[in-house]
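Remarks on the structure that follows.
In each ligand, atom 1 is the first atom listed, and ligand 1 is the first ligand listed.
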Amino acid sequence: MKTDIEIAQEAQAARIEDIARAESIDEKYLEQYGKDKAKVSYQLLKDTEGKPDGKLVLVTAITPTPAGEGKTTTSVGLADGLKRLGKSVAVALREPSLGPVFGVKGGAAGGGYAQVVPMEEINLHFTGDFHAIGAANNLLAALIDNHIFQGNALRIDDKRITWKRAVDMNDRQLRNIIDGLGKRTDGRVREDGFEITVASEIMAVFCLAKDLKDLKERLARMIIGYNMDNEPVTAGDLHAEGALTALLKDALKPNLVQTLEHTPAFIHGGPFANIAHGCNSVLATRLALRLNDYAVTEAGFGADLGAEKFIDIKCRMTGLRPDCAVVVATVRALKHHGGVDKAELNTPNVEALKKGLPNLLQHVENMTKVFGLPTVVAINRFPFDSEEELNCIADECKKLGVNVVLSEVWAKGGEGSEALAREVMRLCEDKADNHFRFAYEDSDSLEEKLNKIVREVYRGDGVVLTAEAKKQAKRLEELGFGHYPVCMAKTQFSFSDNKNLTGAPRGFKITVREVKVSAGAGFIVVKTGDIMTMPGLPKVPAAEHIDVDENGKITGLF
Ligand SMILES: Nc1ncnc2c1ncn2[C@@H]1O[C@H](COP(=O)(O)OP(=O)(O)O)[C@@H](O)[C@H]1O
Ligand SMILES: O=COP(=O)(O)O
Ligand SMILES: [Mg+2]
């Protein structure tokens, strides 16, 4: 079997202007970045106002193993399958972060014969959006410290600066730092720290902004910390929003590339779903919907994270509504939830598989009952899955009335998802079965929102706020942010806040240790357990297996 990068490098991609033409994107909206990448002006959305949108398909998954269970791969393959059935379709995905690319997980361009191309460029610098977001984040950080150095007219309390510096890398060494060292003219000494760019509030603002004006207004509202009277200080107070918007103006245009089967792919923005809201930009989703009968989009990690935030944050803010949901499940992840060690996941084990099924069933119940969406389980077939294991999942699901289809997109591309594509089309057409709802209401208090998510989605016994978190929550409600939706920052490896509690755990509480408002993004970030916004590299980083030959050909990217 060829590697992902070998398959991608052998691909005969169409010229990006031909992909755009097939999407009826007039060349006046298209800015090419080479022969196989382009940006599409958001003006196209304004100029096609009133044109009906296509159907929105949300792809989520069960609680993943660290390698991931194939949401991106399935999203790409499903879009290819819908195209094979004659539908106009696009896939809308997030841009990969260099953290996982050089860390554990690898790239985020799909896999096998269900990939977006040019895979190396998409996984590395792409069109520079993350660099622009990082620069904007760090310009604001520099303006904060410079304001203090130049006399601190806003009386910023340097013990209450909530704004972090950012870099798109897994670098634990930068989590907690002291800077401003040196001579008096070298700055003011203070505790500081970095978060990974995908956790920056600017990334969230970028992904939720509906146009350039909204982007700038949101940037101005971002709270960077508090003054000596514990009053919020915003980026607008520092007159930063104009410069930040200048840095982001071009990045805000969604990127257009293609799948191996020349299906259009809008790839834009990249928040992780454990430490951020986990969805690609609203602009990219809207473009995919406006130009096609179907838009297939992914929300990160398991349905307890990405799908919950897609619904309770992105849909709540935009009015978007999924027409159906696809829950990706794998034999290996179900065996993992059945207690099998990583080294044994390729060994057939039906008993363990059955023990892991409750994790799948809980995610399916959440999508159908908590969020009211027509749902299908896509079993993402891996090479070492046995027929007996695959039949076991299908039989158990059917016994419980769970809709399930086998997906073979990794091995076969779009041909491997035609059955899934047909089921998705059926679910989207059957509006009677769509009872979309949020997990909580705007009017719920912050603690009520948290308890509804933990009890209804995670099936926990509720939340416990530390004394510090309680103080922060009270202050945010006093400041009028209590009606904001919440963005749960939680481990992706468990419904609980303990990554070792696999399967469908019960009898646990979620400990909230920090509550911080992202006033520009319009939600409250709730840090649980020991979740961190600056991941670290593993013992053997993927970076060690990446190389480039004398002709510039990259190997080892996956
Ligand atoms: N059916 C499959 N067989 C083999 N490898 C797969 C399959 N599906 C996905 N992968 C690989 O697993 C990893 C995670 O896939 P991805 O689609 O990124 O998952 P997610 O989006 O859920 O994190 C990628 O390296 C991808 O190539
Ligand atoms: O935010 C995480 O996204 P994936 O689940 O696609 O890795
Ligand atoms: Mg993915």
query = In Å and rounded to the nearest 0.5 Å, what is the CD to CZ distance from E95 to F126?
reply = 5.5 Å
inquiry  = Within the 4.0 Å heavy-atom shell around G111, which atoms of ligand 1 are there?
reply    = 27 (O)
ask   = Can you tell which part of V328 has a heavy atom less than 4.0 Å from ligand 1: side chain, backbone, both or neither?
value = neither
query = Could an N or O of ligand 1 be found under 3.5 Å from any N or O of T74, whether backbone or side chain?
reply = no
query = Can you tell me if K105 has a non-hydrogen atom under 4.0 Å from ligand 2?
reply = yes
inquiry  = Under 4.0 Å, heavy-atom basis, I'd like to know which part of E69 is in contact with ligand 1: side chain, backbone, both or neither.
reply    = backbone
request  = Look at atom 3 (O) of ligand 2 and say which protein heavy atom is nearest, naming residue and atom and giving the distance to 0.1 Å.
outcome  = R94 NH2, 2.9 Å
Atoms in ligand 2 flagged as close to E298, the criterion being non-hydrogen separation under 4.0 Å = 4 (P), 6 (O)
key: Selected option - heavy-atom contact closest to atom 16 (P) of ligand 1, from G70, A109, G77   = G70
Ligand 1 contact by E408, heavy-atom criterion under 4.0 angstrom = no
request  = Just do the side-chain contact (heavy atoms from CB on, under 4.5 Å) check on C392 and K354 with the steps written out, would you?
outcome  = CA-CA 8 Å; C392 167; K354 283 182 180 172; 3.7 Å; yes
Whether T72 has an N, O or S atom under 2.8 Å from the Mg ion (ligand 3) = yes
query = Could K490 and Y458 be counted as a cation-pi pair, given that NZ or CZ must be under 6.0 Å from the ring centre and within 45° of the axis?
reply = yes
query = What do you reckon, is NZ of K499 surrounded by more than 12 foreign heavy atoms closer than 6.0 Å?
reply = no
query = Which ligand 1 atoms, with their elements, are less than 4.0 angstrom from a heavy-atom of P383?
reply = 3 (N), 4 (C)
key: F495 six-ring face occupied by R459 cation (under 6.0 Å, within 45°)   = no
query = Salt-bridged, R381 to E408, with N to O below 4.0 Å?
reply = yes
query = Are F206 and H268 an aromatic pair by the rule of ring centers under 6.0 Å?
reply = yes
task = Compare all side-chain heavy atoms of L353 with those of V331 and state whether any distance is below 4.5 angstrom.
result = yes
request  = Identify whether the distance between the nearest side-chain nitrogen and carboxylate oxygen of R175 and E195 falls below 4.0 Å.
outcome  = no
message = I'd like to check which ligand 2 atoms, numbered from 1 as shown, lie under 4.0 Å from a non-hydrogen atom of G300.
response = 1 (O), 2 (C), 3 (O), 5 (O)
ask   = H545 and F558: aromatic ring centres closer than 6.0 Å?
value = no
query = Taking distance alone, with no angle check, do A273 and ligand 2 share an N/O pair under 3.5 Å?
reply = yes
query = Does G110 come within less than 4.0 Å of ligand 1, judged by its heavy atoms?
reply = yes
request  = Could you list the atoms of ligand 2 found under 4.0 angstrom from a heavy atom of K71?
outcome  = 4 (P), 5 (O), 6 (O)
query = What residue and heavy atom of the protein are closest to atom 1 (N) of ligand 1, and at what distance?
reply = R381 O, 2.7 Å
ask   = Among all protein non-hydrogen atoms, which one is nearest to atom 8 (N) of ligand 1, and what is the separation to 0.1 Å?
value = N380 ND2, 3.0 Å
ask   = Below 4.5 Å, heavy atoms only, C-beta onward: do N280 and T285 meet side chain to side chain?
value = yes
ask   = Applying a strict 4.0 Å limit to heavy atoms, is P64 in contact with ligand 1?
value = no
Heavy-atom check, side chain of L334 versus side chain of L360, under 4.5 Å = yes
query = Quick one: are F266 and L289 in side-chain contact, heavy atoms under 4.5 Å?
reply = no
note = atom 13 (C) of ligand 1 has as its nearest protein heavy atom A67 O, 3.5 Å
request  = Looking only at protein heavy atoms, identify the closest one to atom 27 (O) of ligand 1 and say how far it is in Å.
outcome  = D4 OD2, 2.9 Å
ask   = Any salt bridge between E261 and R84, counting N to O under 4.0 Å?
value = yes
key: atom 23 (O) of ligand 1: nearest protein contact (heavy atom, Å)   = K105 NZ, 2.7 Å
key: Intermediate values then yes/no, ring pair (Phe, Tyr, Trp, His ring centres under 6.0 Å), H277 and F310   = CA-CA 7 Å; H277 75 286; F310 184 93; 9.4 Å; no
request  = Could you list the atoms of ligand 2 found under 4.0 angstrom from a heavy atom of F272?
outcome  = 1 (O)
key: Short N-O contact, E418 and K412, less than 4.0 angstrom   = no
key: Mode of A108 contact toward ligand 1 - side chain, backbone, both, neither (heavy atoms, under 4.0 Å)   = neither
request  = Of all N, O or S atoms in E298, identify the one at the shortest distance from the Mg ion (ligand 3).
outcome  = OE2
ask   = Relative to atom 12 (O) of ligand 1, which among R332, K71, M1 owns the nearest non-hydrogen atom?
value = R332
key: Numbered atoms of ligand 1 (with element) below 4.0 Å of E298, judged on heavy atoms   = 21 (O)
key: Region of F382 that comes within reach of ligand 1 [heavy atoms, distance under 4.0 Å]   = both
request  = Look only at interatomic distance and state if G107 has a nitrogen or oxygen under 3.5 Å from any nitrogen or oxygen of ligand 1.
outcome  = no
message = Check for me whether Q115 has a heavy atom closer than 4.0 Å to any atom of ligand 1.
response = no
inquiry  = What protein heavy atom lies closest to atom 9 (C) of ligand 1? Include the residue and the distance to one decimal.
reply    = T73 OG1, 3.5 Å
ask   = Taking side chain as C-beta onward, heavy atoms only, is I267 less than 4.5 Å from V116?
value = yes
